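Fair warning: this is a prediction, and the values are worked out from it, not measured in the lab. Remember, it's 1-based here, ligands and their atoms both numbered in the order they're listed.
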Amino acid sequence: MNTHQRLLVIDFGSQVTQLIARRLRELGVYCEIHPYQNVTPDFLTRFTPWAIILSGGPASVLDSDPPCPPKEVFSQNAPVLGICYGQQVMVQMLGGKVERGRRIGNGEISDPAIGDVFAGPSGSRVNSEFGRAYITSKGALPLLEGWFGEPTEQVWMSHGDHVAELPPGFEVFGVSSKAPFAVVADVRRGFYAVQFHPEVHHTPNGKRLLENFVRMAGFTGDWSMGAYRDEAINRIRREVGDSKVVCALSGGVDSAVAAKLVHEAIGDSVTCVFVDHGLLRKDEAEEVIGMFRDHFNIPLIHADESDLFLSELKGVTDPETKRKTIGRLFIDVFRRHAAAVGGAGFLAQGTLYPDVIESVSFSGEPSVTIKSHHNVGGLPERLGLKLVEPLRELFKDEVRALGREIGLPERFIGRHPFPGPGLAIRCPGEITRAKLEILRNADAVYIDQIRRHGLYGEIWQAFVVLLPVRTVGVMGDGRTYDYVCAIRAVTSVDGMTADSYPLSHEFLAETATRIVNEVSGINRVVHDITSKPPGTIEWE
Ligand code: XMP
């Protein structure tokens, strides 16, 4: 563990627990999320939290055997903040009473205004106070410093049960029209509990509440990217020793930051392997090689294997077969090139914190949610290599901040995500070199349009899909019979859900004209405006 002042978030399964961590990291506070099942008294001793937050969750403390933290969380000499379910569990464990709200089944509630972030197992809509509510002060409390500039504060409620009787030592500091115990605290012992979610944007002053909490706990905001960079470099040196390291460079931000950081730590003992499967965007390989090999002087193998990949993909139309074929070949190819490095003991990967957070699962034990398609799944075992993952503690926006800290160019850091199987999954049907060329050219025009109109930074992902459909058109005096392409632009926070970006009609018309005029092989452009769900971001 690192030496930062640390805050422990105990997760009871709320879909928004990660937001607590994000808000805290924004405040310069190092925190970790752990599922309640893993938080044992021993764990607490090892972790030595400066403060503890009990998250929300879909369960009810009135169920038989409800999720609970060990009672030792209340004897750590650290302030505790309970949020929503966390409030109820705190109240119940300390001798108060919780009553069941009128609701159907268990669960935090889904609300259309904020997507499905609160969807619990039942997902049913209920009465009580859900969604926007307004809190009135019932007495000064340091936790609420900076609140009540207006007589009431907007908050976001989302739980059916409610506190009915306070534990000894607790007082009420905030109420809403339907929640007489919206903010309660035992100030002497440093226990605070709120019925609403301070971590969501719909509680506009929520971050201030969290800030007050961590300042009261003594946090000085010692989590910064500069400090992280120095620590990460030292840690990589300790972990790796004199071994050689190989790093799979994909062209994405995560692997680029990981590679550059490892290079800063151990210099030329790291070799990057850039597998070029022939499914990259226009000029992408040249950009990556130019930056890493020529600009940063990092040893890099450019494995140009497009012939191999495209010949194996010949005739393949099923999306899953495409992915599997690409995944299998990638491992083979990487293995071959990594072996050529000779004597490597470690594989560096850009795994991020959201990929490794153990989530609370109500069907059984906590499960590690590794998005295997984002990583080089199975590689370390097959290569007999140990892993070094210098970004394991970071969220995506923190990786970008670290990228800036270590001098990656802004244009590279802000790049839209690009899937591992590349253009293969943007070319439904059979993949051919000719089609890929058309797709690359169209994509380049579209992205150029997005950049020219200043939209790139507002969009999570924008891309072209080449449809396996040809239509009749007319250009000049002639009839054309060419491909149709779809353009897509989405906003998203994490790729799990997405909305179509509202491109203006003028923009769309201009873009369609440019693509049809500048890209030979396309004579029609359509616009995909499907959200996720029910669609996915990619087409395959
Ligand atoms: P979907 O299409 O599942 O995509 O809505 C969600 C996000 O994940 C990316 N994606 C992938 N990334 N390997 C990757 O590295 C893959 O196989 C893959 N499939 C989808 C997608 O681009 C989007 O950002």
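- No side-chain donor from either of Asp276 and Ser306 sits under 3.5 Å from a side-chain acceptor of the other.
- With Tyr353 as the aromatic partner, Arg25 meets the cation-pi criteria of under 6.0 angstrom to the ring centre and within 45 degrees of the ring axis.
- At a 3.5 angstrom cut-off on N or O pairs, Pro421 does not count as close to ligand 1.
- In summary, Arg235 and Glu393 engage in a salt bridge, as defined by a charged side-chain N under 4.0 Å from a carboxylate O.
- Atoms of ligand 1 lying under 4.0 Å from at least one heavy atom of Gly495, given by number and element, are 6 (C).
- Those atoms of ligand 1 with a heavy atom of Trp460 less than 4.0 angstrom away are 24 (O).
- When the heavy-atom distances from atom 13 (N) of ligand 1 to Gly420, Ala498, Gly252, Ser492 are ranked, the shortest goes to Gly420.
- Atoms of ligand 1 found under 4.0 Å from any heavy atom of Thr536, numbered from 1 in the order shown, are 1 (P), 2 (O), 5 (O).
- Considering Lys322, Arg323, Glu540 only, the shortest heavy-atom separation from atom 19 (N) of ligand 1 involves Arg323.
- Residue Gln461 has at least one nitrogen or oxygen atom sitting less than 3.5 Å from a nitrogen or oxygen atom of ligand 1, judged on distance alone.
- Residues passing the side-chain contact (heavy atoms from CB on, under 4.5 Å) test with Thr321, sequence neighbours excluded: Val316, Asp318, Thr325.
- For Asp294, there are no salt bridge (charged side-chain N to carboxylate O under 4.0 Å, His left out) partners, not counting sequence neighbours.
- You'll find the side chain of Ser55 reaches within 4.5 Å of the side chain of Ile20, heavy atoms only.
- Proximity to Lys532 (heavy-atom distance under 4.0 Å) selects the following atoms of ligand 1: 1 (P), 3 (O), 5 (O), 6 (C).
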